[in-house]
Amino acid sequence: MSGQLLSSLRDPAGLLRRLRAAVSAGPVRAAWPALRARLAGFDPARALIRFADGVEVAFAALFRPIAILRRVLRLPAVRLTTGLAWRGLAAAAGIGLAATLVTALSSQSEATITPPAEPQPRSLRDGAQTAAGRVSWIEISKPIAMFGLESPDLDRATLALEARRSPDGSRREELLTFGALADPRAHLALRLTVEPAQGDLSQPFIVALVRAAAARALSVQRSGLPAAIQTRFGPVEAADATLNDGQVSRACIAFRMEPGALPLAMSGWWCGAEGKPADRRQLVCLIDRIDLLNAGEDRALRTAFARTELNRQPGCVTPRLSATGRKVSWLDADGPTPALRTKTATAAVGGPRKPGKR
């Protein structure tokens, strides 16, 4: 027998032929249709239900002697039914499978996770370009100011002017800075962009503020929700913000206005002086006092600025005295109107004077 088995293993082709011949034999061929029909009618769900019922019957038979012993000895009931025992066993099996699956997935994730690439450092100028939403700007070395701002809340000696333009010359941007964030005096950062229309979708207020602050090496520690304030140029978004330069944190008011009827966009932040925190009333007056000094050939901008003169807040107008220190007369725009002179009563009563003798 062992010799025949070894010879069959050495000749697998012959073994396969003999198996085929045995299957094609009469008894196996006669039983194959019945076996095939039984396999076709096999229901896995029904078989699983029967298996679960069998397990439950087995638990019931197992706990039956314990119940009889409890009745004889009058012991307290265990209150553990066969259904509860079966459900507990199924729950334990499910927890074990879940733990195995989680362990396998965690081992695979540890093997495939790679650390993210470190971001490339960007220069300050690149940050300014991204914050402004433009691809490229051309710096103007010696700019001629297009806008001016005079206010008693600002120290004009600390004014710094930066300007740039687009390559095609259709857009120009000026950056007016009064003071610094670390300076205890009032600090204003004002960005004015002249553009014919709004070409791209506006960014969210907080995103634009974070990018503008990062362009100046600042961080935004806290920011509130923006609310509109009314100025001579229309509604301007403003929100409380806390800025930090790495050493000093100051409470400021960030603001933004997008171009609309006026071909001008502005943004920045206003920080009050020490002992005098910034408020929105001061910010409204600062925006109202922005003047157009040189519009060049941009007639649309000049016309729009002239139209906004009618919307100035009366309380934000600052009286301007002469730069030479002379006394203001009635010829000045801010001077008092002189009183009207009338004839005296004595001149009217005396009548005309008689001509004297020669």
Side-chain angles (χ1 to χ4, degrees), residues 123-151 153-181 186-200 202-203 208-209 211-218 231-234 236-238 252-271 283-309 312:
S123 63
L124 186 61
R125 181 175 180 181
D126 294 338
Q129 295 171 0
T130 306
R134 303 290 178 258
V135 178
S136 62
W137 288 96
I138 299 177
E139 299 289 338
I140 302 176
S141 58
K142 296 181 180 180
I144 299 176
M146 287 185 62
F147 304 96
L149 176 58
E150 294 183 4
S151 173
D153 298 325
L154 300 174
D155 186 3
R156 190 168 181 81
T158 62
L159 172 62
L161 173 63
E162 300 178 19
R164 56 176 65 96
R165 63 177 179 84
S166 60
D168 57 356
S170 61
R171 295 166 181 168
R172 177 187 168 97
E173 184 177 270
E174 284 193 3
L175 187 61
L176 305 177
T177 306
F178 294 86
L181 190 70
H187 169 54
L188 173 67
L190 177 61
R191 184 187 302 274
L192 298 166
T193 306
V194 179
E195 49 187 343
Q198 188 175 357
D200 51 356
S202 61
Q203 301 172 349
L209 175 59
R211 290 183 174 180
R216 296 188 173 213
L218 303 177
T231 66
R232 58 176 287 200
F233 303 109
V236 175
E237 293 180 290
C252 307
I253 300 178
F255 58 92
R256 180 182 69 169
M257 185 192 74
E258 298 180 358
L262 184 70
L264 177 69
M266 70 174 65
S267 62
W269 51 81
W270 157 244
C271 309
L283 178 60
V284 170
C285 288
L286 288 174
I287 295 176
D288 278 6
R289 288 169 181 157
I290 298 175
D291 293 324
L292 181 62
L293 303 180
N294 181 18
E297 298 180 357
D298 196 342
R299 296 182 178 180
L301 181 62
R302 188 184 301 109
T303 303
F305 251 85
R307 192 180 301 113
T308 60
E309 290 290 338
R312 282 183 183 266

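This structure is a prediction, so every number in the text was calculated from the model and none was measured.
Residues L301 and M146 share a closest heavy-atom pair of CD2-CE, 3.8 Å. Here the closest heavy-atom approach between residue L181 and residue C252 is recorded as CD1-SG, 4.3 Å.
Rounding to the nearest 0.5 angstrom, the gap separating the CG atom in L188 from the CG atom in L149 is 6.5 Å. For the atom pair M257 CE and I287 CD1, the distance stands at 8.0 Å (nearest 0.5 Å). Note that OG of S141 and CD of E162 are 12.5 Å apart. Values are rounded to the nearest 0.5 Å. Interatomic distance, T177 OG1 to L154 CG, rounded to the nearest 0.5 Å: 11.0 Å.
Using bins of under 30°, 30° to 60° and over 60° for the plane-to-plane angle, the ring pair F305/F233 lands in the perpendicular bin.
Look at R171 and E173 and you find no salt bridge, because none of the NZ, NE, NH1 or NH2 atoms lies under 4.0 Å from a carboxylate O. Looking at R302 and D291, no side-chain N of the basic residue comes within less than 4.0 Å of a carboxylate O on the acidic one, giving no salt bridge.
Annotation: side chain of L286 is in contact with side chain of W270 (closest heavy-atom distance under 4.5 Å). In this structure, S136 and P167 have side chains that are in contact, with non-hydrogen atoms separated by less than 4.5 Å. Between R172 and I140 there is a side-chain heavy-atom pair separated by less than 4.5 Å. By the 4.5 Å heavy-atom criterion applied to side chains, L190 and I290 are counted as neighbours. Taking 4.5 Å as the limit, every side-chain heavy atom of T193 sits out of range of all side-chain heavy atoms of L264.
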Quiz item: Which is it for L293 and F147 under the side chain to side chain contact (heavy atoms under 4.5 Å, CB included) test, yes or no, and what are the steps along the way?
Solution: CA-CA 5 Å; L293 303 180; F147 304 96; 5.8 Å; no

Quiz prompt | E258 vs R256, salt bridge (charged side-chain N to carboxylate O under 4.0 Å, His left out): CA-CA, chis, key distance, verdict | solution = CA-CA 7 Å; E258 298 180 358; R256 180 182 69 169; 3.7 Å; yes

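Annotation for I144: atom CD1 does not count as buried by contact number, only 12 or fewer foreign heavy atoms lying within 6.0 Å.
With sequence neighbours left out, the side chain to side chain contact (heavy atoms under 4.5 Å, CB included) criterion links L161 to P143, A145, E174, L176.
With hydrogens and angles left out, the side-chain atoms of W269 and H187 include a donor and acceptor closer than 3.5 Å.
Side chain of R312 to backbone of R232: no donor-acceptor contact under 3.5 angstrom is found.
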